Amino acid sequence: MRWVLLAAVVSFAGCSTQRYFTPRENVNGTGPGGHPAAVYALGGTPPSGEVRVWSGGAEVVAGDAGDAVELHVAFELENTGSEAITVDAGAVQCTDLWLDGQRLPALAPVRLEGQPEAAPGSSAVLQAWFRPAAGRPRDIDGFSLRFSVRAGDRVLLTQVVPFVPYFARDRWDDDRSFWYGGYWGRPYYWGPGFGYGFYGHYWCR
């Protein structure tokens, strides 16, 4: 019985240090790691390609000033046009951020990594991290991501993508169901002799 209680403690500890999010619209693709992604076509004649947007979630990170919560989002540009396209780094914002039922002001990224520009016939990935004033990842109820994609001086797309929490992975399933699969929205999983949650899914929200 003690090991069952220990499993419960470990599971809840995992819930307190990480939380996952999925776009609330246009979830028609995935990021390179399998995260559910919102997909948007880029304008132009002919079309300039598309952008996929996803979140790797929020987690606690250690720093010189102590632990902090970092929230991750990413973009993948696919350029099928004839000129370079770019995620406007200065326009990336985390908006409509809700912490424990309270709405916070918009945030700019604390850091960016990757390539904001994709040349014709290529793709590029840009990642961004925000640091909301949250005590733990579970405090984040939801957020939106505002961004723009440009081709030279022309704005091809300005979009606000809403994100909501979702249930995490099945720990013993294959990688394809890590982020998004047949167990969508199921908070508990019955495993012989383990009880709810201990065998299969985390029930972090």
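These numbers come from the heavy atoms of this one structure, side chains and all, not from hydrogens, waters or symmetry mates. Quantities reported herein were computed from a predicted structural model and do not represent experimental measurements.
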Original post:
In this structure, are over 12 heavy atoms from other groups packed under 6.0 Å from Q115 atom CD?
Top reply: no
Subject >> Contacts of P109 that satisfy side chain to side chain contact (heavy atoms under 4.5 Å, CB included) - sequence neighbours left out >> reply: V92, L112, A128, F130
Original post:
For the residue pair A119 and S122, what are the closest heavy atoms and their distance?
Top reply: O-OG, 2.7 Å
Original post:
Just checking, any donor-acceptor pair under 3.5 angstrom between side chains of E59 and Y20?
Top reply: no
**OP:** Keeping the roles fixed (side chain from N28, backbone from V39), state whether a donor-acceptor pair exists under 3.5 Å.
**Re:** no
**OP:** Could you grab the distance from atom CG of L156 to atom OG of S48, nearest 0.5 Å is fine?
**Re:** 4.5 Å
Original post:
Can you find a heavy atom in the side chain of Y40 that is under 4.5 Å from one in the side chain of R52?
Top reply: no
**OP:** To the nearest 0.5 angstrom, please state how far the NE2 atom of H35 sits from the OG1 atom of T30.
**Re:** 9.5 Å
Original post:
Rounded to the nearest 0.5 Å, how far apart are CG of L99 and CG of L104?
Top reply: 4.5 Å
**OP:** Would you check, one step at a time, whether the test side-chain contact (heavy atoms from CB on, under 4.5 Å) holds for V149 with T86?
**Re:** CA-CA 5 Å; V149 178; T86 305; over 6 Å; no
Original post:
Under a 4.5 Å cut-off applied to non-hydrogen side-chain atoms, are L107 and P132 in contact?
Top reply: yes
**OP:** Starting at SG of C94, measure out to CD1 of I140 and round the result to the nearest 0.5 Å.
**Re:** 7.5 Å
Original post:
Partners of Q127 by side chain to side chain contact (heavy atoms under 4.5 Å, CB included), sequence neighbours excluded?
Top reply: H72, A74, V125, W129
Original post:
Can you check whether S55 reaches T22 side chain to side chain, under 4.5 Å on heavy atoms?
Top reply: no
Original post:
Sequence neighbours excluded, which residues qualify as side chain to side chain contact (heavy atoms under 4.5 Å, CB included) partners of A91?
Top reply: D88, S148
Original post:
Please walk me through it: do V61 and R131 pass side-chain contact (heavy atoms from CB on, under 4.5 Å)?
Top reply: CA-CA 10 Å; V61 297; R131 285 201 174 182; 3.8 Å; yes
Subject >> Heavy-atom pair of closest approach, residues G81 and P120 >> reply: O-CB, 3.4 Å
Original post:
Looking at CD of Q159 and CZ of F147, how far apart are the two atoms once the value is rounded to the nearest 0.5 Å?
Top reply: 5.5 Å
Subject >> Distance-minimising heavy-atom pair for P32 and W54 >> reply: CD-CH2, 3.1 Å
**OP:** Please name all residues satisfying ring-ring contact (aromatic ring centres under 6.0 Å, His included) with F143, sequence neighbours left out, ordered by chain then number.
**Re:** F21, F163
Original post:
When rounded to the nearest 0.5 angstrom, what is the spacing between OG in S123 and CG in N79?
Top reply: 9.5 Å
Original post:
Which heavy atom in V27 sits nearest to a heavy atom in P36, and how many Å separate them?
Top reply: CG1-CB, 3.8 Å
Subject >> Contacts of T95 that satisfy side chain to side chain contact (heavy atoms under 4.5 Å, CB included) - sequence neighbours left out >> reply: Q93, A106, S144, R146, V160
Original post:
Got a donor-acceptor contact below 3.5 angstrom from the R150 side chain to the D153 backbone?
Top reply: yes
Subject >> Heavy-atom side-chain proximity of P23 to Y166 below 4.5 angstrom >> reply: no
Subject >> Check: T80 side chain, G49 main-chain N or O, donor-acceptor pair, under 3.5 Å >> reply: yes
Original post:
Is there any salt bridge (charged side-chain N to carboxylate O under 4.0 Å, His left out) pair reaching into residues 98-120, and which pairs are they, with sequence neighbours excluded?
Top reply: E70-R111, D96-R103, R111-E113
